[in-house]
> 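Next up is a structure, given as C-alpha cells.
Numbers restart at 1 for each chain; the letters A, B, ... are given by sequence-line order, proteins then strands.
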Amino acid sequence: MRIQPDGVNLLETVSTLLKEEILAELEGSKAYELRMALNAIGIARRQLETGDRVEETEREVLAVMLDAEPEDADLEQRFARLVRDGTVADDDALRTLLWNQTLNRVRESAPRYLRQEGLEE
Amino acid sequence: MDSKQIDALRTFLREQTGKPVDISGVSLLGGGAIQENHALDISVDEETIAAVLRCDAPSSVPDSRSRDQEFALLRAAFDAGVTVPEPLWFGDASVIGRPFFIMRRAQGTAAGHRIVRDTSLAPDREELVRRIGREMGHIHSIAPPRDDLAFLPVPEEHPAALFIRESREFLDSYHSAYPALEWGLNWLERNMPEREPLCLVHRDFRTGNYMVDESGLTAVLDWEFTDWSQPLEDLGWFCARCWRFGQLAEDRAAGGVGSREALFNGYEEVTGRRPRGEEIYYWEVFAHARWAVIAVKQAERHISGRESSLELALTAHIVPELELHLLRMTGLDGGQGAGA
C-alpha cells in the first residue's frame with residue numbers, strides 16, 4: 001500500500017499553496033505563468049482521479065459497436081471515419097457515444113465549461 | 001539587442017532617412033514566442049519616434065508569415081484606413097542578423113482578460129465594438145489581385161471548403177483521432193454558404209489581438225494568419241464563444257466586450273452591408289473548428305518534443321471544450337440531436 005497522502009492529495013495541497021500563498025505575490029507574466037501551472041496541475045489531478053477506467057469503458061463500447069477488439073490501435077481512427085462518412089449521424093447509439101466521449105474529455109480538461117453551460121453541477 | 005546590432009541599425013536608418021539618427025531606450029517586449037518585439041526610441045533630426053522593431057525569434061516556426069510579408073500587409077492595411085501601427089522601414093538579415101521591420105509604437109494594452117473586465121479601458125464598449133466593425137470593413141475593402149500582396153495565394157475553391165479539405169488531410173496524417181471535430185467539419189461542409197468575392201481577411205481578429213487605452217482602440221495587431229477569404233469569417237471569429245474570455249452574456253457576444261448589433265452597425269457603416277445573425281452563425285461554428293485544428297497543431301509542437309512549453313501543452317486541453325461546443329452548435333446536444 002502506498003504511503004498516504006497519495007498523489008491526488010499532494011497535487012491538491014500544492015495547488016492550494018500556490019493559489020493562496022504565492023499567486024497573490026505575483027503579477028503580470030509571472031502570475032499568468034502560475035495560473036497556467038495551476039491549470040496543468042488540475043488536469044493532472046483529474047486524470048489521476050479518473051485513472052484508465054473511463055477510457056477502457058469507452059474502448060470496450062466502441063469495440064462492440066465497430067465489431068473490433070478494445071485493444072485495436074486504430075479504434076479511434078475507425079470511429080472518426082464513421083463520423084466523416086455520415087454513419088454516426090444516422091445511428092443513435094454512435095451519436096450518444098460521440099457525445100459521451102467528448103463530455104468525458106471535457107470533464108478532465110475543462111470542467112468549468114460544463115458548469116458554465118449548466119451541463120453539470 | 002546587443003550594441004553591435006544597435007550600431008548596425010543606426011547605420012541602416014541613417015541610410016534610409018539620409019539624416020543623423022540616434023537610438024535609445026531599447027528593451028525587449030514580452031509575449032512573443034514566434035516573433036520578438038523590441039521597443040526603441042529613434043531620433044531623426046528634431047523628431048523622436050516611439051517605435052517597435054519586430055523580428056523573428058530564434059525558435060520561429062517556418063509556417064508563420066515572414067517579416068517582409070507582414071510589413072506589406074501592415075502597409076496595405078494602413079493605406080486602407082485600418083488602425084495599425086504605421087509601418088516605417090523593413091530591413092533584411094544583413095543588418096541585424098534577422099529580417100525585421102520597424103513600426104510606430106501603439107499605446108495601450110492588448111491583454112484580453114484585462115480588456116473584457118477593465119472598463120477604464122475604452123469605457124464606451126458599444127462604441128469600441130462599433131469601431132471594430134468599421135475596422136473590419138476597411139480590411140475587407142482590400143481585394144485581389146494586388147501586386148503588393150502577391151505572396152498570398154488566391155484560393156480556387158471556397159475558403160471554407162479549402163479549410164475542411166486541409167483539416168481532413170491533416171487529421172488523416174495525425175497520430176490521434178478527433179471524432180467530434182470530424183462531426184463539426186461535416187456540418188461545415190453541408191451548411192457552407194455561397195462563395196462570395198474574396199477579400200483580405202485578418203483571420204485572427206479577436207479580443208487579445210487589438211490594443212486599447214482609455215480613449216478606445218489604438219491598433220489592430222497580429223496579421224500572421226491574414227489571407228484572402230470570405231468577409232464574414234472575421235465577424236464570426238470575433239463573436240465566437242471561444243474568444244470571449246468568459247464573458248458569455250448576449251450583450252457581450254462580440255469579443256466579450258459588446259453586442260453583435262454594435263459590431264454589425266460599424267461594419268454596415270463602412271461596407272453598406274448588414275450582416276445577418278444566421279450568416280455569422282456559420283462562421284462562429286467555423287471559428288471553433290478552425291481554432292481546434294490550430295490548437296492540435298500547436299500542441300503537437302510540445303508533444304513531439306520540438307519545443308517544450310507549458311502554454312503549448314495546455315493548448316491540447318482546449319480542444320475538448322471546443323469539440324463539445326461544436327457538437328452543441330451543430331445539433332448534437334446530449335447525444336440525441338439531428339445528424340450533422
> Top residue by heavy-atom pair count (under 4.5 Å) with chain B, among A:L119, A:V88, A:L75, A:D91?
A:L119
> Against chain A, label B:R114 side chain, backbone, both or neither, depending on which of its atoms sit under 4.5 Å from a heavy atom there.
neither
> Test the B:R290-B:F225 pair against the cation-pi criterion, namely NZ or CZ under 6.0 angstrom from the six-membered ring centroid and within 45° of the ring axis.
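Positive - B:R290 is close enough to the ring of B:F225 and near enough to its axis.
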> Report the option among B:L327, B:L324, B:L314, B:L310 that has the most heavy-atom pairs separated by less than 4.5 Å from atoms of chain A.
B:L324
> Report the C-alpha distance between B:R241 and B:E321 in whole Å, list the side-chain angles of each, state the deciding distance to 0.1 Å, and finish with yes or no for salt bridge (Lys or Arg N to Asp or Glu O under 4.0 Å).
CA-CA 11 Å; B:R241 183 194 186 282; B:E321 176 180 339; 3.5 Å; yes
> Tell me whether B:R206 forms a cation-pi arrangement with B:W243, defined as NZ or CZ under 6.0 Å from the six-membered ring centre and within 45 degrees of its axis.
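Cation-pi check for B:R206 and B:W243: passes.
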> Give, as side chain, backbone, both or neither, the part of A:A37 having an atom under 4.5 angstrom from any heavy atom of chain B.
both
> With a sphere of 6.0 Å drawn around OH of A:Y113, does it hold more than 12 non-hydrogen atoms of other residues, nucleotides or ligands?
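Above 12, so yes.
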> Checking the side chain of B:N37 only, and the main-chain atoms of B:L29 only, is there a donor and an acceptor separated by less than 3.5 Å?
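A pair under 3.5 Å: no.
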> Using non-hydrogen atoms only, which part of A:L98 is less than 4.5 Å away from chain B: side chain, backbone, both, or neither?
both
> May I ask you to check whether B:H317 and A:E108 show a side-chain donor-acceptor distance below 3.5 Å?
no
> Name the member of A:E76, A:Q77, A:M36, A:R84 that forms the most heavy-atom pairs with chain B at distances under 4.5 Å.
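With the most close heavy-atom pairs to chain B, the winner is A:R84.
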> Among A:S29, A:A80, A:A40, single out the residue with the greatest number of heavy-atom pairs under 4.5 Å to chain B.
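The candidate making the most pairs under 4.5 Å is A:A80.
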> Heavy-atom pairs under 4.5 Å with chain A: which of B:E323, B:H113, B:R328 has the most?
B:R328
> Which atoms of A:E117 come close to chain B, meaning under 4.5 Å heavy atom to heavy atom: side chain ones, backbone ones, both, or neither?
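Backbone plus side chain of A:E117, per the 4.5 Å heavy-atom cut-off to chain B.
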> Looking just at side-chain N and O atoms, do A:T13 and A:N9 make a donor-acceptor pair shorter than 3.5 Å?
yes
